[in-house]
Peer 1: 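Below you will find the structure I want to go over with you.
Bear in mind that the values here come from a model prediction, so they are computed numbers and not experimental data.
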Amino acid sequence: MLEEILMQVQKGTLSITEAKEKLATYENLGFAKVDHHRKNRQGFPEIIYGEGKTKDQILSIMKAILSKGDSVLVTRISKEKADYILLEHPEFIYNETAQILFWKVNKNEKEGYQGYIAIVCAGTSDLKVAEEAAVTAEVLGSEVRRFYDVGVAGIHRLFDNIEQIQQATVSVVVAGMEGALPSVVGGLVSHPVIAVPTSVGYGANFNGLSALLTMLNSCASGISVVNIDNGFGAGYNAVLIDNIKKGVERDENSLY
């Protein structure tokens, strides 16, 4: 892309001002620098973390991303902020459980691809984190199948769904308390497992630390662990794995 722009400037078919606009990798809003080039480098546009930002800041960043025709995903956004934004953008969808606001650009799916991401959730109390992972993966273009409330306290519920889970490309396994579920799933599947500890549990759970340590010390192979309550990170990484299986190629127009 860079060589092509330089050649156009040299030939006089593109002005220096136009070249600068094409090479601009971010938009400076004063309070934020929106990374428009991230989609070229990483395959997905910039994701907006809603917590700690005002509703007007979120709205301004959204508009900048929308101006490029990209999908918009806002995580950790309260219902109050989402309702404010929906007044101006009613086409957006708010998932209150996941605390995600999004608008998705429809893309042609790869023909014949049957892969999917399994989102496996131990208990209903973990749904917020599980849904954050599931919605993230869906917005970024993967098919998701949900297997909820299948924790080890009633492990027969997991076994009733294990064949579908085994056929997934990758599993995201979410659990709080002692965090044992990813180890169980990891011993039963042949694909990567992304473990997500949640802060659900009583005192000695230490706000998810006990689940995190259990998952990090798992004796099952093929398990990677993200931070406590990081459903977004798990969903994002699951999509990267799914895209490799799907054969999605990196953008050749990347400057780097």
Peer 1: Can you find a heavy atom in the side chain of R146 that is under 4.5 Å from one in the side chain of E131?
Peer 2: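 SC-SC contact between R146 and E131 confirmed.
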Peer 1: Within the 4.5 Å heavy-atom criterion, are I223 and V173 side-chain neighbours or not?
Peer 2: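 Result no, sub-4.5 Å side-chain heavy-atom pair not found.
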Peer 1: For residues 210-222, which side-chain donor-acceptor pairs fall under 3.5 Å, sequence neighbours excluded?
Peer 2:
| unit_1 | atom_1 | unit_2 | atom_2 | d |
| --- | --- | --- | --- | --- |
| S210 | OG | M177 | O | 3.2 |
| S210 | OG | N205 | O | 3.3 |
| S210 | OG | N205 | ND2 | 3.2 |
| T214 | OG1 | E178 | O | 2.8 |
| T214 | OG1 | S210 | O | 3.0 |
| N217 | ND2 | L213 | O | 2.7 |
| S218 | OG | S183 | OG | 2.8 |
| S218 | OG | A220 | N | 3.1 |

Peer 1: Locate the shortest heavy-atom distance separating V172 from A238; write the atom from each residue and the value.
Peer 2: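 What the structure gives for the nearest pair is CG2-CB, 3.8 Å.
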Peer 1: May I ask you to test the I48-Q57 pair for a side-chain heavy-atom distance under 4.5 Å?
Peer 2: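 Side-chain contact under 4.5 Å: no.
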Peer 1: What's the shortest heavy-atom distance between T97 and K128, and which atoms?
Peer 2: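 Reported closest heavy-atom pair: O-CG, 3.3 Å.
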Peer 1: Side chain to side chain contact (heavy atoms under 4.5 Å, CB included), that's the test. Do N230 and Y236 meet it? Break it down for me.
Peer 2: CA-CA 10 Å; N230 189 9; Y236 189 102; over 6 Å; no
Peer 1: Does A98 offer a backbone N or O that forms a donor-acceptor pair with the side chain of N95 under 3.5 Å?
Peer 2: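 Checking the backbone N and O of A98 against the side chain of N95, a donor-acceptor pair under 3.5 Å is found.
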Peer 1: Can you check side chain to side chain contact (heavy atoms under 4.5 Å, CB included) on H191 and K245, steps first, answer last?
Peer 2: CA-CA 11 Å; H191 57 248; K245 185 77 172 180; over 6 Å; no
Peer 1: Does L181 reach the side chain of L158, with side-chain heavy atoms less than 4.5 Å apart?
Peer 2: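 They are in side-chain contact.
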Peer 1: In chain order, what residues pass the side-chain contact (heavy atoms from CB on, under 4.5 Å) check against D149, with sequence neighbours excluded?
Peer 2: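 If we apply the side-chain contact (heavy atoms from CB on, under 4.5 Å) test to D149, skipping adjacent residues, the hits are T124, R157.
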Peer 1: Walk me through it: do N207 and I228 pass the test side chain to side chain contact (heavy atoms under 4.5 Å, CB included)?
Peer 2: CA-CA 8 Å; N207 293 317; I228 298 167; over 6 Å; no
Peer 1: Between F92 and Y94, is there shared hydrophobic-cluster membership here, with clusters defined by ILVMFWY side-chain heavy atoms closer than 4.5 Å?
Peer 2: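 F92 clusters together with Y94.
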Peer 1: Compare all side-chain heavy atoms of L188 with those of V185 and state whether any distance is below 4.5 angstrom.
Peer 2: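 With C-beta onward as the side chain, the pair stays apart.
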Peer 1: Closest approach of P197 and V226, non-hydrogen atoms and distance?
Peer 2: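 Reported closest heavy-atom pair: CD-O, 3.4 Å.
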Peer 1: Using side-chain heavy atoms (C-beta onward) and a distance below 4.5 Å, is K53 in contact with I61?
Peer 2: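 Yes, at least one pair of side-chain atoms sits under 4.5 Å.
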Peer 1: Aromatic ring centroids of Y49 and F232 under 6.0 Å?
Peer 2: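 Y49 vs F232: aromatic centres not under 6.0 Å.
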Peer 1: Output the distance between atom CZ (F31) and atom OG1 (T54), rounded to the nearest 0.5 Å.
Peer 2: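 The OG1 atom of T54 is 7.0 Å from CZ of F31, to the nearest 0.5 Å.
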Peer 1: Check whether any side-chain heavy atom of H89 sits under 4.5 Å from a side-chain heavy atom of L59, and report yes or no.
Peer 2: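 Of all side-chain heavy-atom pairs linking L59 with H89, at least one is under 4.5 Å.
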Peer 1: Among side-chain atoms of Y113 and T169, is any donor-acceptor pair under 3.5 angstrom?
Peer 2: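 Per modelled atom types, Y113 and T169 side chains form a pair under 3.5 Å.
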Peer 1: Do you know the tightest heavy-atom contact between I65 and S71?
Peer 2: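 Closest approach of I65 to S71: CG2-O, 3.6 Å.
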Peer 1: Restricting to non-hydrogen atoms, name the atom on D242 and the atom on Y116 that form the minimum distance, rounded to 0.1 Å.
Peer 2: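 Where D242 meets Y116 most closely, the heavy atoms are OD1-N, 4.3 Å.
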Peer 1: Considering all heavy atoms of both residues, which atom of M62 and which atom of I85 are nearest to each other, and what is their separation?
Peer 2: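 Closest pair (atom of M62, atom of I85, distance): CE-CG2, 3.4 Å.
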Peer 1: Treating K104 as the side-chain partner and E138 as the backbone partner, does any N or O pair qualify as donor plus acceptor under 3.5 Å?
Peer 2: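 Flag set: sc K104 to bb E138 pair under 3.5 Å.
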Peer 1: E51 vs Q99, test: side chain to side chain contact (heavy atoms under 4.5 Å, CB included). Steps then yes/no.
Peer 2: CA-CA 10 Å; E51 203 170 279; Q99 289 192 306; 5.6 Å; no
Peer 1: With the side chain counted from C-beta on, respond yes when Q164 and F147 share a heavy-atom pair under 4.5 Å apart, and no when they do not.
Peer 2: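 A side-chain contact exists here, since the closest heavy-atom pair is under 4.5 Å.
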Peer 1: For a quick check under 3.5 Å, do D126 and Y148 share a side-chain donor-acceptor pair by atom type?
Peer 2: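 Short answer, no.
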Peer 1: Hey, quick one: are L140 and I244 part of the same hydrophobic cluster, counting side-chain heavy atoms closer than 4.5 Å, chains of contacts allowed?
Peer 2: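 Shared cluster, no.
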Peer 1: Is E46 salt-bridged to K33, going by a charged N under 4.0 Å from an acidic O?
Peer 2: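 Salt bridge absent between E46 and K33.
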